[in-house]
Amino acid sequence: MPATRAPVVSGRFYPGARAELAATVADLLAAARADLPSSAPASFRAVIAPHAGYVYSGPTAAAVFARVALPSLVVMLAPNHTGVCRAPGGASLWEEGAFRTPLGDVPVDAPCAAALRAASPLVGVDHEAHRAEHAIEVLLPFLQVLRPDVRIVPVVLAWDQWDSARELAEALARVVREAKEPILLLASSDLNHYEPATVSVRKDARALEAVTALDGAELLARCRRERISMCGRGPAAVVVAAARALGATRAEVVDYRHSGWVSPKATDDSQVVGYGGVVIP
């Protein structure tokens, strides 16, 4: 019987009760839509959204998803925060079954997962890498509220090397081209971690410059060279490279903030985490 991945940060990163979670996501999306020049969502090749607790990064994630005409199939790439990885190629796939949240189960699209696995030797079935990883789970309620019939292909990446990112991006682009339905590519990532706000804002801007240039190689090189602790740099590099291969020419940062914004205390700016929302037409 296909396995269901149980939630691990429900009640901590986001509300654990179904009604409260649905209302919270709906409120975040409504607030994001209020700032848009038009309420009509659009189609995008790819997006990048953050995965912290909703009190911190929820508005940024909502700013992304409020703009998206969400297709029924989303390939989600997330960083590996736990260090658990049994996939030989470092790209850990949950290949069938479902991911559960308080809003219900999100099915994994087995045919698309199989196609991705066949397209790249980097991708291997590895449930253990997913069990304690929060970076996919936190974004699922947004997808569920916007598209109750959504299906996902969840992948956790344990590397940030450009050669691997380029190879996986090429495989993803092939899968998208050959699919019989639209697919949204979604990278889950926060930005720089636990430095003073003045430092993080500068580092975040440098990372987002590479993202908006759709330059995955430069993003990874810049993070390494300038010590930008963007946790999802690998997933982001893959997604921008895949989007470029699919014809994208630009990306837009639709929201930026950091954790120090949540409270007016001056001490909250001493160690912040940055959050950026990006859409790629």
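Not measured: the values here are computed from a predicted model.
Side-chain contact between Glu167 and Pro121 is present, with heavy atoms from C-beta onward closer than 4.5 Å. The closest side-chain heavy-atom distance from Val254 to Val278 is not below 4.5 Å. Using a 4.5 Å heavy-atom threshold, the side chains of Val239 and Leu186 count as separate. Taking the side chain as every heavy atom from C-beta outward, Tyr14 and Pro102 approach each other to under 4.5 Å. For the pair Leu208/Tyr256, a side-chain contact is recorded, criterion being any heavy-atom separation below 4.5 Å from C-beta on. Here the side chains of Val273 and Leu191 are not in contact, with every heavy-atom distance at 4.5 Å or above. Val155 places none of its side-chain heavy atoms less than 4.5 Å from the side chain of Trp94.
In this pair, His134 and Phe13 present their aromatic rings tilted. The plane angle is within the 30 to 60° band.
Closest approach of Leu143 and Phe65 over heavy atoms only: CD2-CE2, 3.7 Å. For the residue pair Gly104 and Gln144, the shortest heavy atom distance occurs at O-NE2, 3.2 Å. A pairwise comparison of heavy atoms in Asp160 and Leu220 identifies O-CD1, 3.2 Å as the closest pair. For the residue pair Met76 and Ile152, the shortest heavy atom distance occurs at SD-CG2, 3.7 Å. Among all heavy-atom pairs drawn from Val211 and Leu219, the shortest one is CG2-CD2, 4.0 Å. Ala66 and Leu36 make their closest contact through O-CD1, 4.0 Å (heavy atoms, listed as atom of the first residue, atom of the second, distance).
Here the options are Leu172, Val175, Leu184, the test is side chain to side chain contact (heavy atoms under 4.5 Å, CB included), and the partner is Val75; only Leu172 passes. Partner of Asn192 under the side chain to side chain contact (heavy atoms under 4.5 Å, CB included) criterion, chosen from Cys223, Cys231, Ser200: Ser200.
Residue Trp162 is not grouped with residue Val238 when hydrophobic side chains (ILVMFWY) are merged at heavy-atom distances under 4.5 angstrom, including chains of intermediate members.
Taking NE2 from His258 and NE2 from His193, the interatomic distance works out to 14.0 Å, rounded to the nearest 0.5 Å. One finds the CG atom of Leu122 at 9.0 Å from the CG atom of Leu157 (value rounded to the nearest 0.5 Å). Expressed to the nearest 0.5 Å, how far CD1 of Ile280 lies from CZ of Phe44 amounts to 10.0 Å. For the atom pair CG of Asp109 and CD of Glu96, the computed distance is 11.5 Å after rounding to the nearest 0.5 Å. Here the straight-line distance linking atom CG of Asp190 with atom OH of Tyr56 works out to 12.0 Å at 0.5 Å rounding. Here the CZ-OG1 distance, from Phe99 to Thr4, works out to 10.0 Å after rounding to the nearest 0.5 Å.
For His51 and His81, the gap between ring centers is short of 6.0 Å.
Of the charged side-chain nitrogens involved, none lies within less than 4.0 Å of a carboxylate oxygen, so that Arg33 and Asp35 do not count as a salt-bridged pair. The residues Lys203 and Glu226 are annotated as not salt-bridged, no charged nitrogen and carboxylate oxygen being separated by less than 4.0 angstrom. In this structure, Arg225 pairs ionically with Glu218, as a charged nitrogen and a carboxylate oxygen lie closer than 4.0 Å. With respect to the salt-bridge test (charged N to carboxylate O, under 4.0 angstrom), the residues Arg202 and Asp204 do not qualify. The pair Arg151-Glu181 counts as a salt bridge, with a side-chain nitrogen and a carboxylate oxygen less than 4.0 angstrom apart.
Side-chain atoms of Ser57 never come within 3.5 Å of backbone atoms of Tyr54 as a donor-acceptor pair (strictly under, hydrogens ignored). Side-chain atoms of Arg244 come within 3.5 Å of backbone N or O of Leu214 as a donor-acceptor pair.
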Please assess Arg100 against Glu137 for the test salt bridge (charged side-chain N to carboxylate O under 4.0 Å, His left out), listing each intermediate value before the final yes or no. CA-CA 8 Å; Arg100 180 165 294 162; Glu137 175 186 336; over 6 Å; no

